[in-house]
Number of protein chains: 6
Amino acid sequence: MELSVLEIRQAVQNALAEDIGGGDATTLATVPETTMAQAVMCAREPLVVAGLAFAEIAFTELSPAVSIERLARDGQPLKAGELMLRVSGRARTILTAERVALNFVQRLSGIATFTAQFVDAIKETQAQILDTRKTTPGWRRFEKYAVTCGGGKNHRLGLSDMILIKDNHLAALQNEQPNATAAAVARAREKFPKLKIEVEADTLEQAEQAAEAGADIVLLDNMNLIQLRLAVQKIKGRAQTEASGGVNPANVRAIADAGVDFISVGALTHSAHAVDIGLDFET
Amino acid sequence: MELSVLEIRQAVQNALAEDIGGGDATTLATVPETTMAQAVMCAREPLVVAGLAFAEIAFTELSPAVSIERLARDGQPLKAGELMLRVSGRARTILTAERVALNFVQRLSGIATFTAQFVDAIKETQAQILDTRKTTPGWRRFEKYAVTCGGGKNHRLGLSDMILIKDNHLAALQNEQPNATAAAVARAREKFPKLKIEVEADTLEQAEQAAEAGADIVLLDNMNLIQLRLAVQKIKGRAQTEASGGVNPANVRAIADAGVDFISVGALTHSAHAVDIGLDFET
Amino acid sequence: MELSVLEIRQAVQNALAEDIGGGDATTLATVPETTMAQAVMCAREPLVVAGLAFAEIAFTELSPAVSIERLARDGQPLKAGELMLRVSGRARTILTAERVALNFVQRLSGIATFTAQFVDAIKETQAQILDTRKTTPGWRRFEKYAVTCGGGKNHRLGLSDMILIKDNHLAALQNEQPNATAAAVARAREKFPKLKIEVEADTLEQAEQAAEAGADIVLLDNMNLIQLRLAVQKIKGRAQTEASGGVNPANVRAIADAGVDFISVGALTHSAHAVDIGLDFET
Amino acid sequence: MELSVLEIRQAVQNALAEDIGGGDATTLATVPETTMAQAVMCAREPLVVAGLAFAEIAFTELSPAVSIERLARDGQPLKAGELMLRVSGRARTILTAERVALNFVQRLSGIATFTAQFVDAIKETQAQILDTRKTTPGWRRFEKYAVTCGGGKNHRLGLSDMILIKDNHLAALQNEQPNATAAAVARAREKFPKLKIEVEADTLEQAEQAAEAGADIVLLDNMNLIQLRLAVQKIKGRAQTEASGGVNPANVRAIADAGVDFISVGALTHSAHAVDIGLDFET
Amino acid sequence: MELSVLEIRQAVQNALAEDIGGGDATTLATVPETTMAQAVMCAREPLVVAGLAFAEIAFTELSPAVSIERLARDGQPLKAGELMLRVSGRARTILTAERVALNFVQRLSGIATFTAQFVDAIKETQAQILDTRKTTPGWRRFEKYAVTCGGGKNHRLGLSDMILIKDNHLAALQNEQPNATAAAVARAREKFPKLKIEVEADTLEQAEQAAEAGADIVLLDNMNLIQLRLAVQKIKGRAQTEASGGVNPANVRAIADAGVDFISVGALTHSAHAVDIGLDFET
Amino acid sequence: MELSVLEIRQAVQNALAEDIGGGDATTLATVPETTMAQAVMCAREPLVVAGLAFAEIAFTELSPAVSIERLARDGQPLKAGELMLRVSGRARTILTAERVALNFVQRLSGIATFTAQFVDAIKETQAQILDTRKTTPGWRRFEKYAVTCGGGKNHRLGLSDMILIKDNHLAALQNEQPNATAAAVARAREKFPKLKIEVEADTLEQAEQAAEAGADIVLLDNMNLIQLRLAVQKIKGRAQTEASGGVNPANVRAIADAGVDFISVGALTHSAHAVDIGLDFET
């Protein structure tokens, strides 16, 4: 996932409009137009940085005269107290853009930081941490980008760039087809020859059917460690394997040790919380 | 905060476009166009509902032929297993819109549920729980709406509908004005006669200055309980009081008992996590 | 009211597109691409300037090579014949952008000029001139900005940043509540604790009820001078007062002398006319 | 000029968003959700109606459940007290949309009413009243539509649908070409063979040159009645004639009697004021 | 590729605005508002239909009162003279929307018709016809949909849903890596584990390297039939094969007979021409 | 037709978003961020250039650090092998923008090249080649611009800038009016006094009626050469003439020799194909 300047600028402009509304009344009333200031964005807890470009554009979009010094880069782990970015310019600009800049960086760094916990926990295994489609509507690309800052990999971007056959998809074919899984994979392969096909399996039997049907990847959903291990053994060499369901930092290493290729974690984007970042005035 | 159908539809359309991209390949390949289905949205943990209109529109926007039965209303507390909404129509429509519908309702209900914890904790006191501007860019109105579903009240929508003078605003006036607080309040009153004025105070002395200067509300930021109590006593009758900083469900009752009128909680929107809601097929 | 460069640029881009359509056929056909020119924007009647940034951006948006010299500033009163802005660059750019630049500045300066008549008339009184929501749809922020250029203050920006209870709002409560005004104020205070509350009163009795109910401001609508004076006396110290209805430059001073805090004037934005401004070529 | 439902709906949606912002706080707090109401839009001074579709859509866009009865049609002259439109539905919807509905209809009817004064004044002559490009940016199509409601005709929509050669266009050719007017007309004819060509003339000599050069229309700018009459005599049969500059309801008949085909009036759109229209509740 | 009603409506609205501009002057002036009409869209040459929904929406978007009867379906081959769609309603609506409706259907059916020539030519072989990214900017999804109406399959939608390594990508790695192809495939696999990887090969040696490196598909670019056949033999079983470069209806069968799995054809979208379709009035 | 930088940038941004989606996975995975490159856009067949600004902006929009050297200008004929534009900068930028840049220039140059064939064929006659409204929806202005690059002239931009009365318009008046053509022209002249009026004629008799009715231009549709010649003779001096229907490069000279003023050719925009242009890396 790579973000373009265009989409970042668009999101920041919308956020500024959303927050500023009819003007930053407080700043306009109390801060003289010519007062200059300098401030630093600072980590107030250990974190992995993501989204500095959003902060930078929040300031420069309001006033091109602002100057920015980058003190860290996306993907970098910081300790509490370490600095991320210095901004200098009119005090009004800095005060008015402050909240929008922080809102972006705190949320995206929150996701990167949470992702890094999972990635670190399995770093000597062969498995990779993946995100899901459980993202904030309107923020999917930003959140998937933050996952990569934390060392995770991206699962499909949306419904059109991969086939993922779940139980509800199979239900419709069950009546007419003796082997619904095989039928579904065949249809998908025929209609979308360029897409990878993943099939969800809740049991060992379903996992075997999926591999048999020629799935590129088998999604082992909500299996316990014993089932996972057996499923990986059965399928190995025929398809890749992915574990999902109830993954947390405490159990992710055991899941990776079961031998799966991928572990997908909805919590990366649906349950990360914003990390604490402040903007401190130096003058 | 009231959401209009227009803005909900706009957000849902964008979310559908974001997720569907070039089409829901899996569903198109595996589910026959004429297959009908029925599914219910179901709470998988205790929660307070928010955002059902987003889910409803996610389905109907994809296909007007879908029919929806509302089984709960926004603001209603549900137990695990209770139902929120039933959708009937083409299986393709339901499967393609499912994730978008859930992404909205899980997040917004997450905020409502978290807010309700704070509101319940202080329900026999005179204090009110307020949100902040620490919202997801692009989602401020939705998140502030969810706060009201949980029983919270809304602080200012953005920078233009209230004056909130913080230390950084005062810093610029400090050099030229013996009493920066009084000067700032006077300027704000002169320039924006129709807006309420709130002044942040970190110490009792600052709180006194704010009340003296004629602030409508004094924001008691990061004070301990003893300071809070003293500040409320000093100011009572001259201005309303608001506590903020490090509020959590465990300490919120003690803060309310200190006598403040409002308690503002950034975590409501920056650290709520999505609650677990499923879409179960009945056919 | 402060306008951002973003919103000005957006409005100017739309205006240029609206006017230019498929291209400025006349200029393209008759003016050589390399011809340079210089022109000045000139007041052709006495006026108060507003909106020069719109003119500047109209030229620079069409061609960054244009150079602009500001000869006046927004809010400045000019005599007939005085200059506002000089533009130098390709003759094509200047000719194509001319009408859009003038359309913005003539209208906004028209509002500023009309506002200044009211403001000047009451300048030794304690009252302030306010605008209303009777603005051109799509132009509210621009028109409210022009009001401030003329020395007026802004009433609420829209329906969400203040409570203004009118007779039609009370009508619904009349049946069930002995004192509808008190009930309405109480409900508004409960639901929107952070907003100021204004109540419209057409009679002295209603004005008294509004003050009694705890309104922050009482709107004395369409009262004659005697009623106004009495109402102000009754309410003073309990609430601020605002006069409205049929205000014009001839009667505004007498209204201010009645002692009200605010005088709101719909005509500022619904009946100002464009002032005469020309673009004269110097070369 | 014909307005499409699409563009009206777009403008109304933007206007509603601009006014409603975070919600109509007053109405939400004071008016019960189930209260029904009925109101009529009523002329409070004599006027010519324009823009009823905007009002209708303002109500229905907020709530499809509203029902509308049209009591007049665009272009119809009304006396004070006559009704234009009746709206029935939830009181909340009507109160929240009221101002937007009125803002559109008052402004557009203001233009139609002002136009009708000019049209009526010349109704037994051969001349036609035209608008200009001196319109509110973003409102050109709406304002030109209102002009036709008042019986006026539309001049060019923008810079691309007609050639209008003014003195500043000729200035650039003056040095190199003995007869700049002839050269300009020839170039325009060559480059845009499908567009009509109008040439501005400030003197009889220029008018003769324009006709000689083959202009389709000669714009007689700021001429007195004697000059106008002579110019029309000279040109008749070779080109159409249009008068402009300082036209008002008092002098327009004399100008028409000079024999011109068209009279263009900037004031129609730059100096019309909003007419007085009210929304009266019947229940 | 599946098109949503939302995106079709958006494109049609834009197209109507683009064509109608200030109104369909001819129709407004000559056709009475109440005249009704009925017309049929008719193939004037043999063709494969694509895009009927665009035509339908062009009419209904202008006036919901129009009624439409579908006489064919997308993907259906028609002979000259056969009918596609009947529209009944106001003559004005039909005349104003006619050109937009035809512009969409003629272009999309042109692509479907051209695609069908390729698909028919290879129908007894194992190969499939694919489109490319050589589409009209803004129309990619529409054109790829039209390709499927003609029986073709879609190659990747854009740069993010598949890896396609070309010579220019390899050039950058050449200096530092003895085997650039292997390095590139490994990096792509590591960074985007969920995407299929295709590698372009211009020679047999490169094809062998690509297969060796583990490419999922090898793109045999601009090879003659003998090379193609050899490449397919070498690679079979290890990767899928795709031919591209200079494919036309005359040579496509020979290329398919060489044994490739896919044949991608840029001309489907960059060189199809609009087919002849008319709108004939029945009344 | 003149294109503004604004609209080109908008179209290019949309095209980049359409193509890049979640990021150019191949380039991100295989090309180091710091690798620099230089490439030239080169004609691979004889062509007339159109749309270089689109290509330039495709590169610079992705990265302002790219530098561009223009080696040709729009409207210039090039031989195979001649260069159009050189781009230098990061290899990633050039590779990611390549396809979008080419898609624009190949299509627009295709139209310019095809137009030039018609223009060259009639260059010693008095006739001019015109385009039509048979353009790609969303691309009308771009395609009409490309026509002028090829030496053609633009017919009306859309439905509002000229009157063109066709048989279907006349049909509605036929019943009530003895001379429908005269009635239609009179109505159009009355309602839209500033627009040129063209009338379609399929027979000599209709052509005579159109001239008689005072049409500015008579459109001689689908007439053979003998009819054309007779029609021109009949009408000459009263109206301009335009031929249309089945025009191709082989017969256009004979049509011009029949004496018409204009020849309109739908194929210019509905059947031009993309010309072959490559982007060759020099480093």
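Keep in mind that the numbers below use all heavy atoms, side chains included, and drop hydrogens, waters and symmetry copies. Throughout, protein chains are lettered first and strands after them, A, B, ... in sequence-line order, and every chain is numbered starting at 1.
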Exercise. If you round to the nearest 0.5 Å, how far is OG1 of F:Thr26 from CD1 of E:Ile163?
Worked result: 4.5 Å
Exercise. Given a strict heavy-atom distance threshold of 4.5 Å, which part of F:Arg133 is in contact with chain E: side chain, backbone, both, or neither?
Worked result: both
Exercise. Which of the residues E:Gly110, E:Ala15, E:Gly158, E:Gly23 is involved in the greatest number of heavy-atom pairs with chain F at under 4.5 angstrom?
Worked result: E:Gly23
Seminar exercise, completed: Checked F:Val31, F:Thr35, F:Thr136 vs chain E; the most non-hydrogen pairs under 4.5 Å come from F:Thr136
For this session: Rounded to the nearest 0.5 Å, what's the gap from CG on E:Asn168 to CD1 on F:Ile94? Could you check?
Result: 9.5 Å
Seminar exercise, completed: One option among E:Glu98, E:Arg141, E:Lys134 has the most heavy-atom pairs under 4.5 Å with chain F, and it is E:Lys134
For this session: Mind ranking E:Pro137, E:Ala267, E:Ser160 by heavy-atom pairs under 4.5 Å with chain F and telling me who comes out on top?
Result: E:Pro137
For this session: Could you list the residues that satisfy side chain to side chain donor-acceptor pair (under 3.5 Å) with F:Thr135, not counting sequence neighbours?
Result: F:Arg140
Exercise. At a heavy-atom separation under 4.5 Å, does E:Ile20 approach chain F through its side chain, its backbone, both, or neither?
Worked result: both
Exercise. Roughly how far, to the nearest 0.5 Å, is the OG1 atom of F:Thr269 from the CG atom of E:Asn103?
Worked result: 8.0 Å
Problem set entry | Proximal component of F:Leu95, with respect to chain E [non-hydrogen, under 4.5 Å] | side chain
For this session: With sequence neighbours left out, write down each residue that passes ring-ring contact (aromatic ring centres under 6.0 Å, His included) with E:Phe104, or none if nothing qualifies.
Result: E:Phe54, E:Trp139
Problem set entry | F:Ile165 side chain reached by E:Thr30 side chain, heavy atoms, under 4.5 Å | yes
Problem set entry | Rounded distance [0.5 Å steps], CZ in F:Arg107 versus OG in E:Ser271 | 8.0 Å
Seminar exercise, completed: Max heavy-atom pairs within cutoff under 4.5 Å with chain F, candidates E:Ala29, E:Ala39, E:Ala17, E:Ala11, goes to E:Ala29
Seminar exercise, completed: Most contact-rich option vs chain E, by heavy-atom pairs under 4.5 angstrom, among F:His270, F:Met162, F:His273, F:Glu18, is F:Glu18
Exercise. Could you name the residues of residues 183-197 of chain F that have a heavy atom within less than 4.5 Å of a heavy atom in chain E?
Worked result: F:Ala184, F:Arg187, F:Ala188, F:Lys191, F:Phe192, F:Leu195
Seminar exercise, completed: Contacts of E:Arg86 meeting salt bridge (charged side-chain N to carboxylate O under 4.0 Å, His left out) (sequence neighbours excluded), chain-then-number -> E:Glu69, E:Glu282
Problem set entry | Greatest number of heavy atom pairs closer than 4.5 Å to chain F - which of E:Asn14, E:Leu170, E:Val12, E:Thr27 | E:Thr27
